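Take a look at the structure set out below.
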Amino acid sequence: MEPTTLPSRWTPSAELSDQELESRLRRLALAEGKFMAVLLSHLAEFDRRRLAGSFGQPSLFYYCVRVLGFSEAAAYKRIQ
């Protein structure tokens, strides 16, 4: 399984063996990094196009908080 491929059915973590749990954590950590890079790339392009106003928000920060549901701290970090 590729690091960014998720299984179609998740076994609850409590049902995994120690080795399966550790293996899944490694795959999820790799996937998170790849997805974060894609998210940041999309946020940068969204900001470059100045689209927040087109979607009813005064800034990218408010778009991230109000529309995407990030905390203020998470929105700030991602924009930086």
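Along the sequence shown, residues carry numbers from 1. Note that the coordinates shown come from a computational prediction; the quantities given were computed from them, not determined experimentally.
- If you take CG on Leu21 and OG1 on Thr11, they are separated by 11.5 Å, rounding to the nearest 0.5 Å.
- Between the CG atom in Leu16 and the CZ atom in Arg24 there is a gap of 4.5 Å [rounded to 0.5 Å].
- Tracing side-chain contacts under 4.5 Å through hydrophobic residues (I, L, V, M, F, W, Y), one never reaches Leu43 starting from Phe35; they form parts of separate clusters.
- Between the Arg66 side chain and the Tyr62 main chain, no donor and acceptor come within less than 3.5 Å of each other.
- A salt bridge (Lys or Arg N to Asp or Glu O under 4.0 Å) check over residues 42-65, counting only residues at least two apart or in different chains, returns the pairs Glu45-Arg48, Glu45-Arg49.
- Shown here for Ala52 and Leu60, the closest heavy-atom pair between the two residues is CB-N, 3.8 Å.
- If you chain together hydrophobic residues whose side chains sit under 4.5 Å apart, Leu68 and Leu51 fall into the same group.
- How far CZ of Phe70 is from CD1 of Ile79: 9.0 Å, rounded to the nearest 0.5 Å.
- The number of heavy-atom neighbours closer than 6.0 Å to CD of Glu22, taken from other residues, nucleotides and ligands shown, is above 12.
- Linking Ile, Leu, Val, Met, Phe, Trp and Tyr residues whenever their side-chain heavy atoms come within less than 4.5 Å places Phe61 and Met36 in a single cluster.
- Proximity of a side-chain donor or acceptor of Glu15 to a complementary backbone N or O of Pro12 within less than 3.5 Å is not detected.
- With Ser23 as the partner, the side chain to side chain donor-acceptor pair (under 3.5 Å) test is satisfied by one option alone out of Gln19, Glu20, Arg27: Arg27.
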